[in-house]
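Here the structure comes first, spelled out in structure tokens, and everything after it is commentary.
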Amino acid sequence: MGDRPDAPPSNRRRKLLGSLAAGATLGTAGCMRRLRAATGWESVSPVSVGIKTLPADADPYALRVAQSVAGWFRAAGLEVSVTPVAPEELYRQVLIRNDFDAFVGRIPARLRDGDGLYPLLHSRFGSEPGWQNPFGYANLDVDDRLVEQRTATGEARREALAAVQRSVARTQPFSLVAFPDEIRAVRDGRFDGWHGIDFESPLGYLSLDEGSREASRATATATATAPSDDPATLRAVITDRRPTENLNPLAAEFRWTGVLTGLLYDSLGYEAETGGVEPWLADTWEFETVDGRPRARVRLRDGLTWHDGEPLTAADVALTYALLSDVTLGRTTAGTDTATEDDAAVAAPRFRGRSSLVADAEALDSRTVEIRFTECTAGVAARALTVPVLPDHVWRERASPASVGGVDFGATSEALVTNNVPPVGSGPFAFERNVPGDRLVLERFDDHFLAADPPADLPADVDGLPPFERVDVTVVGTDETAVSMVASGDADVTGTAVGAGTIPRIGRSEGVDLVVGRSPSPYVVGYNARRPPLTNPRFRNTLGHLVDQRALVDDVFDGYGWPAASPLAGTDLVPPDLRFEDEHPVTPFFGSNGAVDVDAARDAFREAGYEYDDGALVERD
């Protein structure tokens, strides 16, 4: 019996390949070559995508988002796997090794401004580690617009950024899921000011006030475990162990918000709520334009010191910018004049966007540093003043090659791989001790410039050093345990946000307040545009149509989140046509209420050049 003329092509191909393998019907070399050519034209493979994400005990939402998205992708015919990976390893695979098809995670809040999109999406950063274009996204129009917005002002800059956002929404280097609400449990009485502070900024913790002792004693009688008699210690409980193991401010895979390293290290300036940058470690600065580029002369506050007693000078600032632009400090191969691959400059990935603004920095005297910038506006250049300032006498020697057991690892240096324990900073808190994976204790630095005579130009609500003398951070395994510790009086705050499922427990706990605020750090499904089929923007666009943001906010975030079409959502930089109303304005969901319209999805994939075989999405080899 022969093949029916209308048999599916794949069935014919399998039969022919079976014959080819058996050598039963074709004996000559010419026939074999012809058959291989013919079957090659029909050879197809299923389209598969692996999604990596955080396990449930490390993130309350990421795994559930990944599983929901995987279900929608499968409904459209894709082969999909979901793999939970521990936080440190996930960010190492995504940000450093680019070893992923797709991942579900969050974009850091520090990238959520106009110029933050430059390192996140420009193709020049596609091969660099860290949050420098981890998607491998390449779009020349977007590149041009990202460069343009760095030098433009006013409406011209807004138009450039609007064009970037429209292209990104259409070509989907990542599918934006939602901005989650940050949910925390805080203890009444011992400290005041929890409501309204920025928990992702060290300035938020510095603005806390001492609470009412009467309220604290009342709480003690109402809870099974009395609150600590030590009001001088702020006790935070977290579910992420990484901050207790590594205090290197440059380590991209260990740093998320930078709150703890922000207490240990000062920056020249801080990002104000108005969106500008105001002096912090700097006393003053003046910008001028030279040859079309900004130049800043920065004057440090008087009497600054590091935690080990060494003076903090302009030379430390100059070393910081040199190290951020090249963590090898221009290392050359000893005894040779020939540059090698290992001699290439290696920028610190965590601050690449900001350090790329700086051409060079020079100490003019002990308190004055001159910073010359690349072509940009002074407003954009000021962002470079928010990087942590590092001590020359500690970090210069870390420019040496990274090595393990005496074996060098080439084009990187100890500056990127050191755990930096104990750290030497200049911030309002100094390192006291740690137990990796379990606990970290910081001690107030009473020689900080905030201590004696606080300057008048401090951020709102910060009027000197805070009322607590220590910060004690404890790691626990789950959100529920973290909330229980606050409820029992063993902690003052959940230092990492907890899931919406803990809200009933928080509400029932005596002396515990629920604090809910909107996070500027969105969840995304990030795609690796270096790997087919994700190299195809039409394929990614169709995947974007398979993410039901409304359903995720309702079912995964329990309503504690808000969908959006741009990472700049909530700012005045989003054009009206990209505002998320009832649905995504560019890639609306194929279906409704979490149910995929399979026919619409199949039509879109076919338009993108793919086929279906027995209900499975396939592509030609």
Side-chain angles (χ1 to χ4, degrees), residues 50-63 65-66 69 82-112 116 119-121 125-137 173-177 180 200 238-262 324 327 346-353 388 402 409 412 415-421 436-437 440 475 495-497 519-531 534 567:
I51 303 176
K52 295 180 177 177
T53 191
L54 296 165
D57 59 356
D59 186 297
Y61 304 123
L63 182 58
V65 169
V69 170
V82 175
T83 306
V85 182
E88 176 187 342
E89 183 58 25
L90 175 67
Y91 290 114
R92 186 171 290 136
Q93 292 183 15
V94 171
L95 302 181
I96 297 176
R97 299 207 303 262
N98 302 136
D99 180 18
F100 68 101
D101 295 331
F103 72 94
V104 171
R106 299 174 68 179
I107 293 176
R110 66 179 183 277
L111 299 175
R112 209 172 84 89
L120 185 67
L121 295 168
F125 300 121
S127 62
E128 295 196 6
W131 280 103
Q132 280 66 244
N133 196 354
F135 321 105
Y137 180 64
F174 53 81
S175 294
L176 207 149
V177 174
E200 296 193 350
I238 63 176
T239 55
D240 185 351
R241 60 184 173 80
R242 290 175 297 163
T244 65
E245 300 172 336
N246 178 299
L247 290 165
N248 184 344
L250 310 186
E253 69 271 39
F254 282 89
R255 301 275 84 77
W256 178 246
T257 64
V259 169
L260 289 171
T261 52
L324 292 182
V327 294
V346 181
R350 186 158 181 262
F351 297 103
R352 186 71 171 101
F409 278 80
T412 185
L416 289 185
V417 303
T418 178
N419 283 342
N420 192 38
V421 177
L440 171 69
V475 180
T496 45
S519 169
S521 177
Y523 280 88
V524 300
V525 184
Y527 306 116
N528 191 344
R530 307 170 188 84
R531 294 183 176 182
L534 296 161

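Computed from a prediction, not measured in an experiment: that's the story for all the values here.
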Smallest separation among heavy atoms of [X] and [Y], with atom names:
| X | Y | value |
| --- | --- | --- |
| T53 | A62 | OG1-CB, 3.2 Å |
| P173 | Y137 | CB-CD1, 3.6 Å |
| G437 | E245 | N-CG, 3.5 Å |
| I107 | S521 | O-OG, 2.7 Å |
| G353 | Q132 | N-OE1, 4.3 Å |
| P243 | L440 | O-CD2, 3.8 Å |

[X] (side chain) donor-acceptor with [Y] (main chain) under 3.5 angstrom:
| X | Y | answer |
| --- | --- | --- |
| R106 | P522 | no |
| R350 | G130 | no |
| R530 | G126 | yes |
| N248 | N420 | no |

Please enumerate all residues that pass side-chain contact (heavy atoms from CB on, under 4.5 Å) together with [X], with sequence neighbours excluded.
| X | result |
| --- | --- |
| V475 | I238, R241, T244 |
| A58 | L54, P55, P87 |
| L416 | L250, V327, V346, A348, P349, T412 |
| A497 | E182, R184 |

Interatomic spacing from [atom1] in [X] to [atom2] in [Y] - rounded to 0.5 Å:
| X | Y | atom1 | atom2 | result |
| --- | --- | --- | --- | --- |
| L534 | Y527 | CG | OH | 8.0 Å |
| N246 | L260 | CG | CG | 11.5 Å |
| F103 | L95 | CZ | CG | 7.0 Å |

For this session: Just jot down the ring-ring contact (aromatic ring centres under 6.0 Å, His included) partners of F351, sequence neighbours excluded, or say none.
Result: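 If we apply the ring-ring contact (aromatic ring centres under 6.0 Å, His included) test to F351, skipping adjacent residues, there are no hits.
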Problem set entry | Set of residues satisfying ring-ring contact (aromatic ring centres under 6.0 Å, His included) with respect to F174, sequence neighbours excluded |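 For F174 the ring-ring contact (aromatic ring centres under 6.0 Å, His included) partners, ignoring immediate neighbours, are F135.
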[X]: partners by side-chain hydrogen bond (donor to acceptor under 3.5 Å, both in side chains), with sequence neighbours left out:
| X | value |
| --- | --- |
| E128 | R352 |
| D59 | Y523 |
| T239 | T496 |
| Y61 | none |

For this session: Check the pair I51 / T83 against side chain to side chain contact (heavy atoms under 4.5 Å, CB included), numbers first and verdict last.
Result: CA-CA 6 Å; I51 303 176; T83 306; over 6 Å; no
Problem set entry | Charged N-O contact under 4.0 Å between K52 and E89 |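 Looking at E89 together with K52, the answer is no, because their closest N to O distance does not fall below 4.0 Å.
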For this session: Could you check V525 against V177 for side chain to side chain contact (heavy atoms under 4.5 Å, CB included), going step by step and ending with a plain yes or no?
Result: CA-CA 7 Å; V525 184; V177 174; 3.9 Å; yes
For this session: Would you please name every residue forming a salt bridge (charged side-chain N to carboxylate O under 4.0 Å, His left out) with R531, sequence neighbours left out?
Result: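 Partners of R531 under the salt bridge (charged side-chain N to carboxylate O under 4.0 Å, His left out) test: D99, D101.
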For this session: Measure the shortest side-chain to side-chain distance between R97 and P129 over non-hydrogen atoms and say whether it is less than 4.5 angstrom.
Result: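 Side chain of R97 against side chain of P129, heavy atoms only: no contact under 4.5 Å found.
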